[in-house]
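Hydrogens, waters and symmetry mates play no part in the numbers below; they use all other heavy atoms, side chains included.
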Amino acid sequence: MSTRIRTFLALAVTATMLGGIAVVTTVTHVATVCDRFGSAHRGNNLGMDNRWNPATTAQQCVDDVTSNGLRISVAPNTAPTNGPNASSIADLSCQAANCGDDSTPRSEISSNSAVPGRPSTPAGQVSKADVLSWMSGLPHRRESRVVSGFFGGYSGSTFNLEQTNQLKSQSGQYPGMLACDYGNWVTSANTQVDTSCNNTLKSWWRKGGLVSVGIHMPSPTGAGFSTKLDNFADLTDASTTVGRAWQDTLKRIGDGLSDLKKSGVVVMWRPFHEMNGDWFWWGDQDPDTFKRVWNYTYNYLVNTRGLDNLIWVYAPDCSRGGNITDYYPGGAKVDVAGLDCYTDNPSGGDGKIVKNLDAQYKQMLRLGKPFAFSEAGPRDQVGGSFDWAKWIDAIQRRYPRTTYFLAWNDKWGPPQNRNSRALMNHPWVLNRDGIDLRGGGAPPTPPPGNNHA
């Protein structure tokens with residue numbers, strides 16, 4: 001793992017205006033930690049280093065809390081950062097005011113807010129089956145058939161809505177799906193399970209959007225998440241040290257997902273992503289052992305914890321080609337077949353790292369599940385040069401049964417590159433305001449007496 005850079009700043013008082021009232025936030029000893037990920041995605045024959053290379057990204061920075069308990073983000077004085085949390089003091093007004101995604105103070109977001117197509121009392125009214133049925137119908141539409149998604153960051157560290165709001169400002173649209181990763185890097189070598197992004201996800205759901213959760217899981221050995229776990233089978237044996245640590249991780253994950261269930265949120269749940277690569281501790285394992293671990297995890301979360309709000313997303317990486325279905329645990333425990341894919345040429349792949357994306361798409365369709373690009377972005381043409389219209393054009397021409405794409409953030413994301421407006425306003429793209437989980441007809445009049453966000 002890469003070097004951890006910590007810069008301590010002592011800042012003055014920042015005053016912002018909220019509803020005409022001055023809000024004073026004293027920021028003291030703000031700890032900005034850059035380069036938490038380093039070369040974690042490095043593979044033996046993959047050009048993935050630049051995805052997390054601080055020399056080229058200079059981003060992924062986090063912060064401490066302010067004197068009144070609110071989280072804000074400050075760029076270090078000595079490091080050029082362009083990441084999601086590299087805000088100047090002049091740009092902190094919404095963050096210090098604890099705003100929602102549309103600059104509405106969170107205190108003004110009602111817990112029972114309703115939107116067209118989403119019941120105001122969510123519990124038991126929008127189920128996993130409802131969402132899957134709705135998704136299954138998307139490829140049969142003429143337009144508004146591919147849900148746009150965007151990654152908001154890592155819970156407890158980089159997660160916020162700054163780039164989501166930037167995408168809205170550029171395109172006039174909020175993405176249909178917001179994603180959070182429950183992995184919070186507390187040192188450069190290890191992670192914790194953090195579910196503090198849940199409140200934002202609940203608000204997003206109440207406003208009509210879909211929600212995705214994944215996690216860069218802490219290693220049960222205490223090593224870095226990129227150090228392969230040799231005794232992978234021990235995850236299913238609670239009598240082992242590894243098994244007990246995995247049980248603790250599962251409990252923490254289950255607590256977070258249970259909190260979302262209590263608020264009626266159906267979750268696109270994407271565990272063990274990119275399992276066919278060699279850059280995570282759960283990757284490149286024996287396929288049969290991996291399937292047992294997936295089933296063990298499924299049984300705990302679904303049967304033991306009762307989490308029937310989870311849509312299970314199987315998401316291998318497209319850079320490994322032929323082995324994308326080797327780890328598939330079976331249709332009974334998978335709901336969506338996805339591909340995590342970074343390529344500068346979404347129309348078929350680049351012929352080198354992503355060799356034949358068309359064949360992989362067809363292979364995933366044969367699993368008989370709704371298909372998605374569960375992570376998507378450019379590989380090398382990043383930080384301003386990539387044309388994001390290429391992705392939706394490729395989906396329309398070559399991968400028409402795609403139900404959603406989840407764009408990554410930072411230098412890979414639409415806000416930091418070209419044609420975010422063309423992407424988000426393409427006739428095939430379905431954004432947050434257009435989602436109606438009851439079938440997509442004309443939205444009915446909401447019931448009286450609700451406070452609408």
Side-chain angles (χ1 to χ4, degrees), residues 16 18 59 71-73 82-88 90-110 113-118 143-144 146-154 158-181 197 199-212 265 268 373 375-377 383-384 386-389 391-392 404-436 443 452-453:
T16 63
L18 175 59
Q59 54 195 330
R71 297 187 67 83
I72 63 172
S73 306
N82 61 355
N85 295 303
S87 302
S88 66
D91 295 331
L92 293 177
S93 58
C94 183
Q95 297 177 49
N98 203 21
C99 295
D101 57 274
D102 54 1
S103 299
T104 303
R106 294 197 189 283
S107 60
E108 295 180 12
I109 299 176
S110 171
S113 300
V115 296
R118 185 69 50 81
E143 296 184 344
S144 299
V146 182
V147 177
S148 59
F150 190 66
F151 179 60
Y154 297 87
T158 67
F159 181 84
N160 62 49
L161 290 172
E162 179 180 326
Q163 291 181 58
T164 309
N165 288 329
Q166 184 180 0
L167 182 58
K168 171 66 161 64
S169 177
Q170 291 174 355
S171 68
Q173 304 289 346
Y174 280 121
M177 181 185 300
L178 178 67
C180 171
D181 192 299
C197 65
N199 285 340
T200 301
L201 298 181
K202 293 174 191 177
S203 174
W204 192 266
W205 173 264
R206 288 193 301 266
K207 293 182 178 183
L210 300 178
V211 164
S212 174
V265 182
M268 301 287 176
F373 283 105
E375 258 188 55
F386 183 70
D387 181 357
W388 261 94
W391 263 108
I392 189 58
Y404 72 85
F405 64 86
L406 179 63
W408 210 242
N409 64 356
D410 295 337
K411 69 173 185 174
W412 302 271
Q416 280 74 33
N417 285 280
R418 296 168 47 210
N419 269 337
S420 63
R421 176 173 289 275
L423 170 73
M424 300 295 286
N425 290 281
H426 190 280
W428 272 35
V429 170
L430 179 57
N431 299 307
R432 193 178 75 176
D433 288 346
I435 291 176
D436 182 350
H452 308 298

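- Pairing each heavy atom of G149 with each of L406, the nearest pair is C-CD1, 3.6 Å.
- A donor-acceptor pair under 3.5 Å links the side-chain atoms of N417 to the main chain of G384, judged by distance alone.
- For the pair V147 and F405, the minimum side-chain heavy-atom distance is 4.5 Å or more.
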Note to self: Walk me through whether K202 and V211 qualify under side-chain contact (heavy atoms from CB on, under 4.5 Å).
What the structure shows: CA-CA 8 Å; K202 293 174 191 177; V211 164; over 6 Å; no

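- Listed for the D433 side chain is no donor-acceptor partner under 3.5 Å among the backbone atoms of Q173.
- Nearest heavy-atom pair, Y174 versus T164, reported as atom, atom and distance to 0.1 Å: CD2-CG2, 4.1 Å.
- Put simply, OG on S171 and CD on Q166 are 10.5 Å apart, with the number rounded to the nearest 0.5 Å.
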Item checked: Stepwise ring-ring contact (aromatic ring centres under 6.0 Å, His included) check, F151 with W412 -> CA-CA 11 Å; F151 179 60; W412 302 271; over 10 Å; no

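- A distance of 9.0 Å separates CD of Q163 from OG1 of T158, quoted to the nearest 0.5 Å.
- Scanning all heavy atoms of the two residues, the minimum distance from N431 to S148 falls at OD1-OG, 2.7 Å.
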Item checked: Audit row: L178, T200, side-chain contact (heavy atoms from CB on, under 4.5 Å) steps and yes/no -> CA-CA 9 Å; L178 178 67; T200 301; 4.1 Å; yes

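- A donor and an acceptor atom, one from each side chain of Q416 and N409, are nowhere located under 3.5 Å apart.
- The heavy-atom pair separating S420 from Q170 by the smallest distance is OG-OE1, 2.7 Å.
- A distance of 10.0 Å separates CG of D436 from CG of L430, quoted to the nearest 0.5 Å.
- Residues M424 and W388 are not in side-chain contact: their nearest non-hydrogen atoms beyond the backbone lie 4.5 Å or more apart.
- Not one N or O on the side chain of E375 forms a donor-acceptor pair closer than 3.5 Å with the backbone of W408.
- Once rounded to the nearest 0.5 Å, the distance linking CG of L423 with CD1 of I392 reads 6.5 Å.
- Counting only heavy atoms from C-beta outward, the side chains of P175 and W204 approach each other to under 4.5 Å.
- Partners of F150 according to the ring-ring contact (aromatic ring centres under 6.0 Å, His included) rule, which considers only residues two or more places apart in sequence or in another chain, do not exist here.
- Residue P414 comes nearest to L167 through the heavy atom pair CB-CD1, 4.0 Å, listed as atom of the first residue, atom of the second, then distance.
- Residues M177 and S212 share a closest heavy-atom pair of SD-CB, 3.7 Å.
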